[in-house]
Amino acid sequence: MVEVVLWASLRRFADENAVVVVDANTVGGVLKGLVEQYPALKPHIDRGVSMSVDGRIIASGLNESVARDSEVVLMQRLKGG
């Protein structure tokens, strides 16, 4: 199981949980697991989110590995400018 920290702006769509546990081993699996548990997150994930795995922002690559002990943070998409 992977612990995913949700940024404050996403918590209201996950029953106010700051940390959610999903059974996944890829970035795509984490996102799928989050939507299965909290369908209200789907529109926000579909619009675009950013995920940090072990301090590294994953911009793409749904097949990138996520270890059980990885530090995973999900946030609304970060945009440059």
Side-chain angles (χ1 to χ4, degrees):
M1 303 295 256
V2 177
E3 288 187 355
V4 181
V5 176
L6 300 177
W7 267 26
S9 60
L10 295 173
R11 292 176 188 167
R12 63 184 162 162
F13 307 108
D15 297 335
E16 298 297 334
N17 288 304
V19 178
V20 176
V21 178
V22 296
D23 187 17
N25 57 11
T26 64
V27 168
V30 168
L31 295 175
K32 181 181 176 191
L34 288 169
V35 168
E36 287 173 355
Q37 288 183 47
Y38 301 101
L41 282 170
K42 185 174 181 359
H44 306 282
I45 289 173
D46 288 349
R47 226 180 350 260
V49 291
S50 294
M51 185 180 296
S52 169
V53 178
D54 295 327
R56 185 172 54 96
I57 299 291
I58 306 295
S60 61
L62 296 176
N63 293 321
E64 288 202 44
S65 294
V66 176
R68 302 267 183 230
D69 62 346
S70 288
E71 177 184 77
V72 179
V73 180
L74 186 73
M75 59 205 98
Q76 289 185 312
R77 176 160 287 161
L78 300 177
K79 297 180 182 181

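Quick note: residue numbers are just sequence positions, from 1.
- Separation of atoms CD (Gln76) and CH2 (Trp7) is listed at 9.0 Å; rounding is to 0.5 Å.
- Between Val35 and the choices Val30, Asp46, Ile45, the side chain to side chain contact (heavy atoms under 4.5 Å, CB included) rule is met once, by Ile45.
- Just one residue in the list Leu74, Asn17, Leu34, Val20 forms a side chain to side chain contact (heavy atoms under 4.5 Å, CB included) with Leu10, and that residue is Leu74.
- A 4.5 Å side-chain heavy-atom check between Val4 and Met51 finds every atom pair outside the cut-off.
- Here the shortest heavy-atom pairing between Gly61 and Val27 reads O-CB, 3.8 Å.
- For the atom pair Leu41 CG and Arg12 CZ, the distance stands at 11.0 Å (nearest 0.5 Å).
- Heavy-atom neighbours of Gln37 CD from other residues, nucleotides or ligands within 6.0 Å: above the threshold of 12.
- Note that the CD atom of Glu3 and the CG atom of Asp69 stand 10.5 Å from one another [nearest 0.5 Å].
- Defined by atom type and a distance below 3.5 Å, a donor-acceptor pair is missing between the side-chain atoms of Thr26 and Asn63.
- Checking side-chain atoms of Glu36 against main-chain N and O of Val22 turns up no donor-acceptor pair under 3.5 Å.
- The shortest non-hydrogen separation linking Ala24 to Gly29 is CB-C, 3.3 Å.
- Taken from CE in Met1 to CG in Asn25, the straight-line distance is 12.5 Å, to the nearest 0.5 Å.
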Please assess Arg56 against Glu71 for the test salt bridge (charged side-chain N to carboxylate O under 4.0 Å, His left out), listing each intermediate value before the final yes or no. CA-CA 10 Å; Arg56 185 172 54 96; Glu71 177 184 77; over 6 Å; no

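- For the pair Asp23 and Arg68, the salt-bridge criterion is met [side-chain N within less than 4.0 Å of a carboxylate O].
- If you chain together hydrophobic residues whose side chains sit under 4.5 Å apart, Val73 and Val21 never meet in one group.
- Contact between Tyr38 and Phe13 at its shortest, heavy atoms only, is CB-O, 3.6 Å.
- When side chains are defined from C-beta on, Ile57 counts as touching Met75, because their heavy atoms get closer than 4.5 Å.
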